[in-house]
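Written below as structure tokens is the structure these notes are about.
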Amino acid sequence: MTIQRPKGTQDILPGNIEKWHFIENTIRKICKEYGFQEIRTPIFEQTDLFQRGVGETTDIVNKEMYTFQDKGNRSMTLRPEGTASVCRAYVENKMHGLPQPIKLYYIGSMFRYENTQAGRFRQFNQFGVEVFGAEDPIADAEVIGFVWDLFKRLGLDDLEVHINSVGCSSCREKYKLELQRYLRPQNDKLCHDCKSRFERNPMRILDCKNPYCQEIINNTPTIDQYLCNECKNHFVKLQDYLEAIGVTYKIDPKMVRGLDYYQKTAFEVLAKGIGAQSAICGGGRYDGLVEQLGGQYTPGIGFALGLERVLTVLENQNINLTEDKKKLFAIISLGEKAQKEALVIASELRQNGVQVFLDLLGKSLKTQLKIANRLEADYALIIGDEEIDKDIVIVRNMKDSNQSEISRKDIITDIQKKN
Ligand code: HAM
């Protein structure tokens with residue numbers, strides 16, 4: 001029996017990987033412009049990091065982590081998200097000692113044991129940014145403006161930015177009591193998970209996808225009425241900044257997000273036409289997280305977007321995802337002597353920035369031309385014994401099959417002219 005890839009994972013093959021490169025290159029370029037620097041953290045971490053960071057009452061920690069004992073009997077977990085790891089790295093590498101704010105970004109795989117469906121994978125890729133050391137809502141506006149700018153540059157439209165304030169611990173405490181008071185008479189109608197959320201973290205109930213729970217939460221009181229003055233001012237200022245930079249947004253007072261570390265700002269970007277998994281990006285402020293993970297108090301804000309989902313939206317909108325392609329030259333050699341000469345020519349051309357495909361199998365002219373066609377080569381450079389004797393190379397235009405001869409000694413300059 002053949003072995004298949006694990007459920008919820010994907011092979012990204014040649015032909016498709018170019019689209020990934022295009023998105024990743026666009027991301028890296030815009031990160032540079034905004035002053036974000038790349039960070040790479042381990043793919044697995046101590047389980048405790050996510051339990052403490054993401055929160056014990058979240059679905060991610062409760063149900064979705066790939067956790068295993070290593071050979072030293074330590075509990076390890078494949079990272080389900082990037083923020084906790086980046087905060088750990090911030091503390092461990094004493095980045096609070098550097099001039100703030102620290103602006104970091106990452107691109108990489110995350111792992112969640114989810115029920116798979118279109119747009120929901122068990123291994124998926126996120127691009128995320130984290131900004132440390134900036135308390136003012138201007139940082140929130142810059143981060144949301146960055147996402148807005150990135151999506152615009154990728155050519156995406158029909159997106160909605162939803163924002164909310166989930167308050168700080170003191171306003172949330174008041175809101176939780178109010179939620180419990182409202183939900184208590186209907187507690188027995190809540191799903192099994194929400195019954196346990198009711199005591200431990202009632203705000204999680206707002207995120208439940210169960211249709212019965214949805215109906216109950218339709219009319220719940222919303223957090224905006226319970227925000228303290230500081231959180232309220234922060235949210236009002238954020239809206240003012242977003243308007244100033246031309247970001248269109250909707251306020252969604254029921255958005256709580258699936259992770260427990262958020263305080264004040266929470267936001268999501270939703271795309272139309274990609275089914276139930278319409279959130280292509282989510283983020284918010286996590287001012288208490290660095291301290292919770294053993295560092296000194298440091299405000300933080302960031303977001304992550306799901307690259308698979310972004311790619312689906314781009315493909316649905318028929319957006320061109322290729323970079324300006326360099327010409328491809330296929331070197332076709334006939335005979336042993338010519339094969340060696342082809343190896344030398346390929347090396348010379350590559351050192352001069354030319355993209356070259358070199359036949360390695362010594363096949364017939366017809367087969368090598370077929371391969372060149374399949375690779376969409378622009379030109380074939382043909383060499384046999386006769387060409388070696390005459391010190392020339394035949395250049396064949398693969399589009400119109402026109403052929404000409406160039407002198408061996410001028411090959412670099414002549415080919416560069418066609419490139
Ligand atoms: P999140 O909302 O859990 O936030 O994930 C961010 C994005 O990752 C989602 O909007 C979605 O596009 C994508 N995503 C999540 N789960 C899956 C999945 N199973 N399959 C495909 N795509 C998925 C976070 O992870 C936070 N760390 C974001 C953040 C950074 N907040 C502050 N800083």
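In listed order, ligands and their atoms are each counted from 1.
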Can you give me a line-by-line list of nitrogen or oxygen pairs between ligand 1 and the protein shorter than 3.5 Å?
unit_1: ligand 1; atom_1: 2 (O); unit_2: R257; atom_2: NH1; d: 2.9
unit_1: ligand 1; atom_1: 2 (O); unit_2: R257; atom_2: NH2; d: 2.9
unit_1: ligand 1; atom_1: 3 (O); unit_2: R112; atom_2: NH1; d: 3.0
unit_1: ligand 1; atom_1: 3 (O); unit_2: R112; atom_2: NH2; d: 2.9
unit_1: ligand 1; atom_1: 4 (O); unit_2: R257; atom_2: NH2; d: 3.0
unit_1: ligand 1; atom_1: 5 (O); unit_2: Q126; atom_2: NE2; d: 3.2
unit_1: ligand 1; atom_1: 8 (O); unit_2: Q126; atom_2: NE2; d: 3.1
unit_1: ligand 1; atom_1: 10 (O); unit_2: A279; atom_2: O; d: 3.4
unit_1: ligand 1; atom_1: 10 (O); unit_2: C281; atom_2: N; d: 3.3
unit_1: ligand 1; atom_1: 12 (O); unit_2: A279; atom_2: O; d: 2.9
unit_1: ligand 1; atom_1: 12 (O); unit_2: I280; atom_2: O; d: 3.2
unit_1: ligand 1; atom_1: 12 (O); unit_2: G306; atom_2: N; d: 3.2
unit_1: ligand 1; atom_1: 16 (N); unit_2: R112; atom_2: NH1; d: 3.4
unit_1: ligand 1; atom_1: 19 (N); unit_2: E114; atom_2: OE2; d: 2.7
unit_1: ligand 1; atom_1: 19 (N); unit_2: F121; atom_2: O; d: 2.8
unit_1: ligand 1; atom_1: 20 (N); unit_2: F121; atom_2: N; d: 2.9
unit_1: ligand 1; atom_1: 25 (O); unit_2: R112; atom_2: NH2; d: 3.1
unit_1: ligand 1; atom_1: 25 (O); unit_2: Q126; atom_2: NE2; d: 3.0
unit_1: ligand 1; atom_1: 27 (N); unit_2: E81; atom_2: OE1; d: 2.6
unit_1: ligand 1; atom_1: 27 (N); unit_2: T83; atom_2: OG1; d: 2.8
unit_1: ligand 1; atom_1: 27 (N); unit_2: Y261; atom_2: OH; d: 3.0
unit_1: ligand 1; atom_1: 31 (N); unit_2: Y262; atom_2: OH; d: 2.6
unit_1: ligand 1; atom_1: 33 (N); unit_2: T83; atom_2: OG1; d: 3.2
unit_1: ligand 1; atom_1: 33 (N); unit_2: E130; atom_2: OE1; d: 2.8
unit_1: ligand 1; atom_1: 33 (N); unit_2: E130; atom_2: OE2; d: 3.2
unit_1: ligand 1; atom_1: 33 (N); unit_2: F303; atom_2: N; d: 3.3

Return all side-chain donor-acceptor pairs below 3.5 angstrom for residues 294-307, not counting sequence neighbours, or 'none' if the list is empty.
unit_1: Y297; atom_1: OH; unit_2: E135; atom_2: OE2; d: 2.6
unit_1: T298; atom_1: OG1; unit_2: Q296; atom_2: O; d: 2.8

Distance-only check: which donor-acceptor pairs under 3.5 Å involve side-chain atoms of residues 370-379, not counting sequence neighbours?
unit_1: D378; atom_1: OD1; unit_2: K399; atom_2: NZ; d: 3.2
unit_1: D378; atom_1: OD2; unit_2: L328; atom_2: N; d: 2.7

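For Y66 and Y113, the ring centers are positioned less than 6.0 Å apart. Annotation: Y34 is in aromatic contact with F146 [ring centroid separation under 6.0 Å].
Applying the ring-ring contact (aromatic ring centres under 6.0 Å, His included) rule to pairs touching residues 182-230 yields Y175-Y226, sequence neighbours excluded.
Between Y90 and H96, the shortest heavy-atom contact is OH-CA, 3.3 Å.
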